[in-house]
Amino acid sequence: MAHSAISQVSVAVPLQTDSSFRRSTFKATSLTFSDKSCISMPSIDLKATRSRSQYIVCMSVQHASKAKVSVSPLSLEDAKEPPLNIYKPKEPYTATIVSVERIVGPKAPGETCHIVIDHDGNLPYWEGQSYGVVPPGENPKKPGSPHNVRLYSIASTRYGDSFDGKTASLCVRRAVYYDPETGKEDPSKNGVCSNFLCNATPGDKVKITGPSGKIMLLPENNPNATHIMIGTGTGVAPFRGYLRRMFMESVPMKFNGLAWLFLGVANTDSLLYDDEFTKYLNDYPGNFRYDRALSREQKNNKGGKMYVQDKIEEYSDEIFKLLDEGAHIYFCGLKGMMPGIQDTLKRVAEERGESWEQKLSQLKKNKQWHVEVY
């Protein structure tokens with residue numbers, strides 16, 4: 001097909017009724033984007049204009065391109081310091097739910113949702129920060145008082161999934177409690193905030209605080225740096241933001257280093273944003289590496305379940321070499337992930353004749369070590 005031959009079509013699809021289409025518009029962010037108003041093929045891109053009742057989808061047919069998507073407003077690049085605690089728990093910001101999508105397959109243990117929230121540009125943030133969510137209702141331990149704030153790592157760049165600086169996305173796993181004796185779900189002990197968010201529908205209001213956090217901010221002073229990201233489950237959230245900034249968006253930071261993601265989940269159906277990450281792997285093989293640890297499907301070298309620390313051990317020589325050369329390393333996920341990872345790193349260091357305590361101290365001193373666990 002010649003470069004000049006472009007076929008363009010606009011499609012209006014009801015948002016409320018067609019869940020399969022809504023899912024495809026969400027997944028479209030993992031495909032090839034272009035700076036042009038319509039997008040290229042043979043990779044098909046969907047750029048959706050949101051209205052209250054429908055998505056208008058623009059599709060173009062022309063040669064594939066790795067051009068990046070335009071974002072605005074670029075004034076979000078101007079601040080020298082990250083925004084912090086613009087809205088506090090006593091006076092949270094009232095934002096609006098745009099969409100809630102289940103993003104795991106039927107065989108995933110539990111449910112994880114991708115939630116897009118419209119803040120209308122009033123709650124700016126940087127990649128790696130968190131929002132606080134105040135669920136509706138009153139705190140059972142403090143009658144008459146609101147619930148405590150729950151923190152969630154933001155899973156989008158500062159421009160949001162709509163690339164206009166007006167939304168933020170959260171990656172939330174529904175917390176469900178099962179009675180150990182009966183094996184049945186006990187709704188009275190389910191997670192208040194995660195269930196509120198996963199049950200939300202477009203147009204619902206949500207009270208937000210923040211943004212907060214500086215430890216997971218992406219250092220951008222060196223576009224050639226190496227960033228090693230280790231996440232379990234929804235701990236992948238900040239890394240999705242980093243990677244969209246590096247590989248999807250047309251922003252002043254022209255990343256030319258190495259981003260290496262290790263993601264640990266239970267099985268293939270539990271993989272989060274896998275289409276996006278696989279796309280970067282295909283488009284930027286020299287700048288992105290992606291290793292999955294599927295604990296219920298893969299075995300480690302000793303025949304046990306494959307966890308992220310087993311993947312780290314597998315590539316330990318490379319990882320230690322990269323850390324010695326100044327790489328940043330990030331950890332995000334449940335607190336329980338860290339002891340196993342620390343034990344692995346300590347064992348590897350000792351096998352190399354190094355002291356892990358000294359090495360860790362040096363990494364922290366050099367601001368190469370970034371941890372956010374919950």
Side-chain angles (χ1 to χ4, degrees), residues 25-39 45-51 55-58 65-84 86-87 93 95-99 101 103 114-131 152-171 206 208 210-214 216-220 223 227 229 236-255 259 272-273 275-277 279-280 283-284 288:
T25 59
F26 164 71
K27 287 201 171 176
T29 52
S30 68
L31 302 174
T32 304
F33 284 86
S34 161
D35 280 329
K36 297 175 182 174
S37 60
C38 292
I39 316 299
D45 266 355
L46 308 179
K47 197 171 181 184
T49 304
R50 173 167 49 84
S51 71
Y55 268 94
I56 307 298
V57 181
C58 180
S65 161
K66 281 192 292 188
K68 296 184 177 182
V69 67
S70 295
V71 294
S72 65
L74 283 174
S75 57
L76 290 177
E77 303 290 329
D78 294 345
K80 297 289 184 277
E81 290 293 322
L84 285 170
I86 301 169
Y87 284 88
Y93 178 77
T96 305
I97 298 287
V98 175
S99 61
E101 301 288 346
I103 54 169
H114 181 82
I115 297 160
V116 180
I117 297 170
D118 186 343
H119 59 76
D120 202 30
N122 295 312
L123 208 53
Y125 56 89
W126 284 8
E127 299 72 23
Q129 289 192 298
S130 297
Y131 270 173
Y152 292 94
S153 299
I154 298 170
S156 49
T157 72
R158 65 193 70 183
Y159 298 101
D161 286 3
S162 51
F163 309 106
D164 59 4
K166 293 185 177 179
T167 70
S169 299
L170 304 181
C171 180
V206 55
I208 304 289
S212 63
K214 293 174 83 170
M216 294 290 284
L217 293 175
L218 183 65
E220 296 188 0
H227 303 273
M229 298 159 278
V236 76
F239 308 142
R240 178 182 186 255
Y242 297 173
L243 295 168
R244 286 169 78 91
R245 187 161 174 82
M246 290 170 179
F247 300 125
M248 185 183 285
E249 298 178 344
S250 178
V251 292
M253 182 195 71
K254 306 301 179 192
F255 181 70
L272 303 172
Y273 312 113
D275 290 354
E276 287 185 30
F277 303 150
K279 186 74 172 68
Y280 306 146
D283 286 350
Y284 301 94
F288 183 53

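Quick note: residue numbers are just sequence positions, from 1. Owing to the predicted nature of the structure, the values given are computational and were not obtained by experimental measurement.
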If you apply the rule side chain to side chain contact (heavy atoms under 4.5 Å, CB included), what do you find for M216 with E127, and how did you get there? CA-CA 8 Å; M216 294 290 284; E127 299 72 23; over 6 Å; no
Considering residues at least two apart in sequence or located in another chain, which fulfil the side-chain contact (heavy atoms from CB on, under 4.5 Å) criterion with D120? Y93, D118, N122, K166
Using the side chain to side chain contact (heavy atoms under 4.5 Å, CB included) rule, take Y242 and M229 through it: C-alpha gap first, then chi angles, then the decisive distance, then the call. CA-CA 10 Å; Y242 297 173; M229 298 159 278; 3.7 Å; yes
Under the rule for side-chain hydrogen bond (donor to acceptor under 3.5 Å, both in side chains), what residues qualify as partners of Y87, not counting sequence neighbours? none
Donor-acceptor pair, distance only, cut-off 3.5 Å: does the side chain of R240 make one with the backbone of A155? yes
Criterion ring pair (Phe, Tyr, Trp, His ring centres under 6.0 Å) on Y273 and H114, from CA distance to verdict: CA-CA 10 Å; Y273 312 113; H114 181 82; 5.4 Å; yes
How far does OG of S212 sit from CG of L84, to the nearest 0.5 angstrom? 8.0 Å
With T96 via side-chain hydrogen bond (donor to acceptor under 3.5 Å, both in side chains) - residues at least two apart: K205
Interatomic spacing from OG in S70 to CG in D164 - rounded to 0.5 Å: 12.5 Å
Any salt bridge linking K68 with D283? Criterion: basic side-chain nitrogen under 4.0 Å from a carboxylate oxygen. no
Measure the OG-CD1 distance between S130 and I154 for me, rounded to the nearest 0.5 Å. 6.5 Å
Should the ring pair Y131 and H119 be called parallel, tilted or perpendicular, given that the plane angle runs from 0 to 90° and is split at 30 and 60? perpendicular
Evaluate the ring planes of F277 and Y280, with Trp represented by its six-membered ring, and classify them as parallel (under 30°), tilted (30 to 60°) or perpendicular (over 60°). tilted
Residues two or more places apart in sequence or in another chain: which of them pass side-chain hydrogen bond (donor to acceptor under 3.5 Å, both in side chains) with Y125? S156
I'd like to check the salt bridge (charged side-chain N to carboxylate O under 4.0 Å, His left out) partners of E77; sequence neighbours left out, ordered by chain and number. R158, R245
side-chain contact (heavy atoms from CB on, under 4.5 Å) with P82: which residues, sequence neighbours excluded? W126, Q129, K214, L217
To the nearest 0.5 Å, what is the distance between CG on L123 and CD1 on I208? 7.0 Å
Between CG of L243 and CD of E276, what distance do you get to the nearest 0.5 Å? 9.0 Å
